[in-house]
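Take a look at the structure below.
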Amino acid sequence: MFSGKHFQVTAISDFFEKKLLVSFLILVQDLQRGANLTNSVREHRLTQHILTYFSMKWKNSALAVLSCAVVSTQIHAADWDGSADFGGTYLSGNSDLLSLYGGIEGIRTGDGDELILGLEGVYQESAGNKDSEWVRGYSQYNKEIGGGWYYGLFSELLHDDVADLDYRLTVNPVLGYYVFKTDRASLALEGGPAFVTERQAGNRNSYLALRFAERFEYKFTEDTRFWQSLEYLPEAGDFGNYVLFGEAGIETMISDNWSVKTFVQNRYDNQPEGGLERNDFGWYVALSYNLGKTHDQDAAEIADSATAVLDKAGSNWSWVGTAGASYLTGNTETTLISGALDGMRRWDGKEMGAGVFGGYAEVANAKTAEQYGAYLFYNVDLVDPWYAGIRFDYLSDAFADIDYQIGIGPYLGYRVIDTATTSLKLEVGANYIWEDQGGSDSYIAARFGEYFEHQLTASTKVYQSFEYFAEFGDWDNYNLVNKAGFDTTIFNGISWTNGIVHTYDNTPAPGFKESDLSVVSGLKWEF
């Protein structure tokens, strides 16, 4: 991080440093009081909590400072707009990865005033080792002065355990300008001097810096928006010593108050401490609860959307491609890639489907997952709601020791529900299976399947399925496959998909685990 070699304020003692952080939090509280958020009793309790923290917990971590403020200050939700977000990626069984993201942000606007308060954090571990752990709290107060100009105060408190950063506090009075600001799009530029105090790798530094920031937002539709921001923080006397922080993402509503956010963050430190990497990049997907926002749709709108999807799968093939990825680099090295291509054709009481899929994961340059597969099925309507079909499946999974697994067989199906918005199908049949999983084998297995889809809103579909395979004559040799998730449309033909896949093999190859669970997300497009 910053060495402060030209502008280090050496006269700041540990005691003054603590008082500075206290003053920062009291300043945020004063802004809240101006917005009628707290009463005098709550203000007094907040100050007590902060001072108690510094007297008893200072040497452990600066993180709890913001927690004290969040817990002690009660905000009237009706006066605010904002969101609470949570997301992550999880692989267990023969692969082992946990990645979590959480955040909360509140925004209050008045007559030319704006107050923003936020808290976000990330935790990741792979193979039992912690790869990432950071928490960031921030606030900004803006006051418009006319002609697109505004002034304000920005503050940020950051803790990064992997980067050995106990805390970094930045306080920055800003002067800003809206290049444009409409109901659909806005672009703001701001800058000003900043005071920074930090403790990293056991060293405390305080120095003067400059901060320049840019914020952009654009609404594709009433349901979908894109946002992007960039901050540049150079030391005032050494512009080669700087930090860059950028973020970009898409948010789309999926129901009344719920939305999905998919975004990337990148933090670049040109002069890191202790030989750490300069760049840290993360790709996150989060489910968000939006305060003060609603998205109501009537049943006719939902049904029309579902019917339009069904009409696409007419006499010609309708294809859907899916691509998903999670990538972290820098002090954390993780790559997750998944993809699929699914096709469907319906005509004259017949139905045919085909698809291919694959996935790959790598942590710290070590491969942790590799899977490929394909399927093909053909259905013919019998007496409604019955139908019959035949299905072919292929699977290769390196981390379940499956060199290949091929299954083919007939089945009988029953449509329990079959409407424009909802479908529920049950299938039962037999499969002949050839496989090489720690040794070649072939056998006949019973197959049972259950498949459910529901058009939740005009832009959101939920799905769930369950499949069971068991060897005839040896019912202890069985496999389970469970899937659940939702797709939400961003704009015409393109949607985000988020889901859970769980597989269970009761008789895995020697040395392998029975269960594999993954939480994945990606982008879908129809053509």
Side-chain angles (χ1 to χ4, degrees), residues 24 27-37 75 79-83 103-120 136-157 170-196 208-234 236 239 242-253 259 261 263-268 288 290-293 491:
F24 157 69
L27 175 59
V28 173
Q29 181 193 27
D30 288 341
L31 292 175
Q32 294 173 334
R33 185 176 62 244
N36 297 320
L37 300 179
I75 297 176
D79 299 331
W80 288 75
D81 194 6
S83 62
I104 184 169
E105 181 180 76
I107 303 174
R108 182 170 182 173
T109 56
D111 295 333
D113 294 278
E114 181 180 53
L115 176 62
I116 304 171
L117 298 175
L119 178 68
E120 63 177 345
R136 171 179 174 255
Y138 57 92
S139 70
Q140 181 156 351
Y141 174 76
N142 296 329
K143 177 70 175 179
E144 293 185 8
I145 54 179
W149 293 91
Y150 63 91
Y151 66 87
L153 180 69
F154 169 82
S155 302
E156 179 185 71
L157 184 60
T170 303
V171 181
N172 165 225
V174 302
L175 178 65
Y177 177 72
Y178 282 104
V179 180
F180 52 84
K181 186 178 182 182
T182 67
D183 291 339
R184 188 163 190 173
S186 65
L187 173 62
L189 306 176
E190 61 186 41
F195 181 80
V196 180
L208 296 177
L210 300 175
R211 177 178 173 270
F212 303 96
E214 166 265 337
R215 292 178 287 121
F216 173 74
E217 182 173 319
Y218 180 78
K219 290 184 179 180
F220 292 106
T221 68
E222 287 298 315
D223 300 335
T224 305
R225 73 180 180 100
F226 169 82
W227 81 92
Q228 175 270 329
S229 64
L230 181 66
E231 295 182 15
Y232 171 53
L233 191 72
F239 274 61
Y242 64 86
V243 172
L244 278 172
F245 178 75
E247 181 178 271
I250 291 176
E251 177 183 15
T252 183
M253 302 294 294
S259 64
K261 291 181 178 178
F263 58 97
V264 296
Q265 289 183 339
N266 191 80
R267 183 181 293 111
Y268 182 88
S288 177
N290 299 274
L291 303 173
K293 298 179 183 178
F491 36 83

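Along the sequence shown, the residues carry numbers beginning at 1. Side chains included, hydrogens not; waters and symmetry mates left out as well; all remaining heavy atoms used.
Minimum heavy-atom separation, Tyr150 to Leu175: O-CD1, 3.4 Å. Counting all heavy atoms, side chain and backbone alike, Gly137 lies closest to Leu119 at CA-CD1, 4.1 Å. Taking each heavy atom of Leu153 and Val174 in turn, the nearest pair found is N-CG2, 4.2 Å. Here the closest non-hydrogen pair linking Ala185 and Tyr218 is CB-CD1, 3.7 Å. Listed here is the closest heavy atom pair of Lys143 and Asp111: NZ-O, 3.8 Å. Here the closest heavy-atom approach between residue Pro173 and residue Pro193 is recorded as CD-O, 3.3 Å.
Between Leu233 atom CG and Phe245 atom CZ the span is 12.5 Å, to the nearest 0.5 Å. Distance check, rounded to the nearest 0.5 Å: CG of Leu244 to OH of Tyr232 gives 7.5 Å. Interatomic distance, CZ of Arg215 versus CD of Glu247, reported as 12.0 Å (0.5 Å rounding). Rounding to the nearest 0.5 Å places CD of Glu251 at 4.5 Å from CZ of Arg225. Here the CZ atom belonging to Phe212 is positioned 9.5 Å from the CG atom belonging to Asn172, to the nearest 0.5 angstrom. Taken to the nearest 0.5 Å, the CD atom of Gln140 stands 6.5 Å off from the CZ atom of Phe154.
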### Task
Take Phe263 and Phe226, measure what side-chain contact (heavy atoms from CB on, under 4.5 Å) needs, and give me the verdict at the end.
CA-CA 9 Å; Phe263 58 97; Phe226 169 82; over 6 Å; no

### Query
Between Ile116 and Tyr138, does a side-chain contact (heavy atoms from CB on, under 4.5 Å) hold up when you go through it step by step?
CA-CA 8 Å; Ile116 304 171; Tyr138 57 92; 4.1 Å; yes

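In the model, Gln228 has a side-chain atom that pairs as donor or acceptor with a side-chain atom of Glu214 under 3.5 Å. In the model, Glu144 has no side-chain atom that pairs as donor or acceptor with a side-chain atom of Tyr178 under 3.5 Å.
We find that Arg211 and Glu156 are not joined by a salt bridge, their nearest charged nitrogen and carboxylate oxygen being 4.0 Å or further apart.
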